[in-house]
Amino acid sequence: MKNWNGITLAKEINSHLEKSVLDSNDNDVYVDPEKIYQVMKFLKETSGFSFDLLSSITAVDYYDHFEVVYHLKSLITLSKATIKAKVGYGRQDEPKIQSVYSLWKGADFQEREIYDLMGIKFEDHPNMKRILLWDGFPGHPLRKDFVTNDQSIVEDSKK
Amino acid sequence: MLGFGLIKGLSVTLKNLFSPVFTIQYPDRRVGLLALSKHLDKPISKILTETPKIFLLGLVRMVKIPVKIDQFPRFRGNEFVWYDDRCTACASCAKYCPLGIIEIVTHPGGENMQAGENYAIDKFDIDTGRCMFCGLCVEACPYDALHMGTDFERGNYERVNLVLDKETLISQNKNPSSWFRPQFEENEYNPWEKDLNNPKEAGRHEKPSYQNIKNKWVSKRKLDG
Amino acid sequence: MSVKSEPITINLGPQHPSTHGVFRMRVTFDGETIIDVEPIFGYLHRGSEKLAEERTYTQVVTLTDRMDYVSSMLNNQGYILALEELANIDPKPRGVWLRMIASELQRIASHLVAIGFLIQDLGAWGTPLTYSMREREKILQMFEMLCGARITNSYLRPGGVFMDAPLQFWESLNAFIEDFPSKVEELENLLTSNEIIFSRTKGVAVLTAEQAINASITGPILRSTGVDWDLRKTDPYDYYDQVEFDIPTHTAGDNYSRYLLRVQEMRESLRIVKQCVEKIEPGPVRPHHDEVPNLVRPPKGDCYTAIEGSKGELGFYLVSDGSISPYRWHVRSSSLINLTLLKDMLVGTLFGDLFVTFGSIDINMGEVDR
Amino acid sequence: MFEFIYDILQFFLHILITDFKYENFLLTLLSGIIIAFAVINAVLGGVLALIWGERRLLGRFQQRSGPNRWGPQGILTSTADAVKVMFKEDIIPEEADKYIFNLAPLLLVVPVFIIFSVIPFGIGLYAVNINVSVLFILAVTSISGLSIICAAWASANRIAIFSALRSVAMLISYEIPVGLSLVGILLITESMSVMDIVNFHNMPFILIQPVAAVVFFLGSLAEINRTPFDLTEAESELAAGYQNDYSGMKWGLFYLGEFAAAIAAASVFSTLFLGGPNGPILPGIFWLTIKVVAVLFLIIWIRATWPRFRIDQVLNLAWKGLFELTLVNIVVTSIAVIIWPDGESNRMIYIALANWIFVFPFLFIIFRLLKTKNYDDNDIKKVTYPVGSDKPKFEKAGN
């Protein structure tokens, strides 16, 4: 199972979709969040990449910005790659990114879980609501600034 | 063909009908007279003469005999075995416990000097009510003072009694399990059969010399990164 | 004239005899046929990913074996591989062989649970379930010899296993290797050619390969649709490239092939255990404290490793900022993602097939909700 | 049996007063009560023994020992269950329709006990002798479907309604094959009374009418909701179906009714097909118990091994499978009866041979049609998805 070198992959993507790759190092590629859908569509459909298995989507909270990480696997070319997108700078606006549900149905539950725990909204996802916690849960627990003291959760959810 | 698969299934269950019972009766087993006489190693006639009531019960296979299940030396039981003379109250077990349920209160006093610093322990509580018995505290103890226990019948009615304080830890009978103590297993120590030949030296690692402690914990730790 | 029938919505709630844990389905029926299924879960969410951020790397091992409590050794192995790659620790050979024996035994135990409860949902009054539990009991006793606990066995440490196997373990392992094939044979006689199981599970809830891959379903379900994809073969970790075994695949993609596939996988796992026992040689089981201290400090960076869990691809994404506890720890739970196609599989089938299909997907609520 | 008790009572009455206007009425009433009391207690004893026997036998099938705590070898388990159930709280759901809710358990238990009034326990040891007792048995067994509907509808619980609709569909569709399978026997014995069927011939009817026995056995399994037809309280889906909202002694009655129905079905099968109480040495009552226990062992054995059918397969089997088998059986038996009328010497053997030759193969032909395509092994290894067929771009372009 060969691992795509981030830089070569970035060059390939850039040659097809200009200015979609912001930065890349040797094992992952940072993609511009607005163009995430086109990049993923390109990676899934073209013959040399054909990443047909979306292994996992995760999100990491780096205080000043969030990072959505896509791990892709290709059964046909036996190769894997990691694509990252930086979202929600400065924490004022609600972090938003395009959903890849229409490309891979497997993204459905994982994107809902990221929205539930991390608070990143995925646009035009069929039912974008919480998956693990109950609907009245205040805030998103996996964020670094989420303070957990049991009483506050109970009272807030009663409000 | 319909029917033959089903009949083959029936034959499997029939074969299992006549094979011995796999389950173990716990806490006690009901036996007839033969097993009873083997258990009490008295001939049946003596049982009849001495205790006719048990003899009658034995006829109807209603006599109860306690059952001992073969446990394994590394079994992590629901209690802890603590050698207070070896404990230097360095609290690395309290720090290393994922749930933080070991509470240690000490004051610097010279009474029981041990290898290493001389803290006197006022309070050493392990709240086994909330403990998940993962054994990381036993792994972190540098002086082999804390061991996992092997007892598991420890139910009781209040949560408070589940907290093992210092006195109970010292007074309870100690048969430590050989979890993370390879030196126990070298001399085939089994907590249920052989009791500790020399409780003082039970599970004693090679004695850490002062120099050994100094360069192990102070100088060699990579403080970078 | 068509009889006007009103759909019924039934709440097959978190407390139900055959939802293998706290899983809830709001199902609407039209008579006996299912129109719509809405899975609801989160009842067992313990927030282990948030907990991991305040624990050291070795303490997270105790978190992993409470995630998929039916195959905890495989979780440990997945996490420890991710940690070793992140902190570039090279494990000791004997530790790796022991780790492989333990995880293959755990795969057999997990498949036994899956098959036992699948047939229990078909209604054979627990006899096949008791036979498979009887076999699983022997494996759990071997784990108790190894690491003192039957299910929550945090047996692995970065660099190998925490303690060598006692002599007693090797005797019972050899006894298990001898008599397990005959027990699988007995289970197959009871179930595989059973006509009622044929008629109940064949051709029910069929999945095609494209559908499964698009929904990133992995594990026995993917292999039952004809895709020859097993991470132990395509992306070998540990010493899986030094043992030879083959991957059973079917093409029917229905409940029956998923069941049959798990039975054949048990035999393959036993083959692997046999080869591991031959290839293991004495040696240290774990790097010394000085090379790999209890408080591992991996360098800054992130890594994602995925192993072939008993239910599918079990991935661990570890981000470290150089401190002693992980900055972010995400688990790619194979059970959660295998549920994406539950609705497409079930719509159109009858009430009787609901729990059979659910059982054949074989999910574990601890891993779904984390 | 009835006259015997009637004379004893008359003897005792005459000691007190010689003539008494309502003597005949009083004596019939008293002896009827005594016989009914005896039969019901025999059946209840049988039910308790069956509950204990089934749980231990199921345990032994699964290599575990089954209940053994109360009394030696757990004999008092079922009595302990009965006492516990009597003192359990009796909950009636809020929107339940109270009267039908209370009526339902009785509706299930009473018909089962009525069946035993017709079954001969020995030569001349029977409660009642009706000349149309076979018809009587068929009529009584059909009431249990009504009770399941009442229970489910009264307890206003959706899952119970599911199980009730399933059970009605199954019971109705299985009454016809069960009824028709007995036509073969009636053709041979030309009488509907169980007494004549039992002492008609020393060869048991299972040898003469093999297919009718199989159809009757499967049908009665469906009537008493036993595996492989236990769809009403399918634990995995409906979790005790119509009994969900019953607790305390009402549930106890359902539980008792279910096991009593098993004994009833086993005893009807053994009287009709296994020749009931007649056997070489032992008295009649022993032979009947041995046969009933054998049939019960077979029922429990099946319960421990076979999974359950789905509702559409159950109805398929009834209408497309068993129904045709009974028709074929009737045609063959009627022809055989005409060819060898009453006077023949070994008439039964000829009829038996005719049945074995013509009807038995139909059993496999029709069941073969029902079965789905067999699992052909050749498509196991066919791999449909081209894994690893292509090379990633960076290797292909050679850079």
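Throughout, protein chains are lettered first and strands after them, A, B, ... in sequence-line order, and every chain is numbered starting at 1.
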Rounding to 0.5 Å, atoms CZ (C/F169) and CZ (B/R74) come to a distance of 9.5 Å

Decide, yes or no, whether a salt bridge links B/K15 with C/E185 under the criterion of side-chain N to carboxylate O below 4.0 Å. no

Tell me, side chain or backbone of B/M148 under 4.5 Å from chain C's heavy atoms, or both, or neither? neither

For B/R181 against C/M163, the heavy-atom pair lying closest together: N-CE, 3.7 Å

Residue C/R66 versus chain B: region with a heavy atom under 4.5 Å: side chain

Counting distance only, does the side-chain N/O of C/Q59 pair as donor-acceptor with the main-chain N or O of B/Y96 below 3.5 Å? yes

Could you grab the distance from atom OG1 of C/T56 to atom NZ of B/K95, nearest 0.5 Å is fine? 12.0 Å

Distance, nearest 0.5 Å, that separates NZ of C/K138 from CZ of B/F22: 5.5 Å

Proximity breakdown for C/P299 and chain B, heavy-atom pairs closer than 4.5 Å: neither

OG1 on C/T58 to CG on B/L136, rounded to 0.5 Å: 7.5 Å

Is the backbone N or O of B/F75 less than 3.5 Å from a side-chain atom of C/E144, with the two atoms forming a donor-acceptor pair by type? no

For B/R154, does the CZ atom have more than 12 heavy-atom neighbours from other residues, nucleotides or ligands under 6.0 Å away? yes

Let me confirm one number: the OG1-CD distance from B/T23 to C/E137, rounded to the nearest 0.5 Å. 10.5 Å

What heavy-atom pair brings B/C134 and C/T62 nearest, and what distance separates the two atoms? CB-CG2, 3.6 Å

Which bit of C/T127 is near chain B, if near means a heavy-atom gap under 4.5 Å: side chain, backbone, both or neither? side chain

Option that, when pairs with chain B are counted at under 4.5 Å, heavy atom only, ranks first among C/L146, C/T192, C/L63, C/D321: C/L146

Side chains of B/E139 and C/N294, heavy atoms from C-beta outward: is any pair under 4.5 Å? yes

Contact winner vs chain B - C/N194, C/N189, C/V61, C/V60, heavy-atom pairs under 4.5 Å: C/N189

Which answer fits B/S11, side chain, backbone, both or neither, if we ask what part of it has an atom under 4.5 Å from a heavy atom of chain C? neither

Shorter than 4.5 Å, heavy atoms on both sides: which option in B/P98, B/G135, B/S178 has the most such pairs with chain C? B/P98

Can you tell me how far CZ of C/F198 sits from CG of B/L6, rounded to the nearest 0.5 angstrom? 10.5 Å

Check: B/F72 and C/Q141 side chains under 4.5 Å, non-hydrogen atoms: yes

Can a donor-acceptor pair be found, under 3.5 Å and without considering hydrogens, that links the side chain of B/R76 to the backbone of C/N153? no

Of the non-hydrogen atoms in B/V12 and C/E186, which two are nearest, and what is the gap between them? CG1-CG, 3.6 Å

Side chain proximity check, C/R134 to B/N16, heavy atoms < 4.5 angstrom: yes

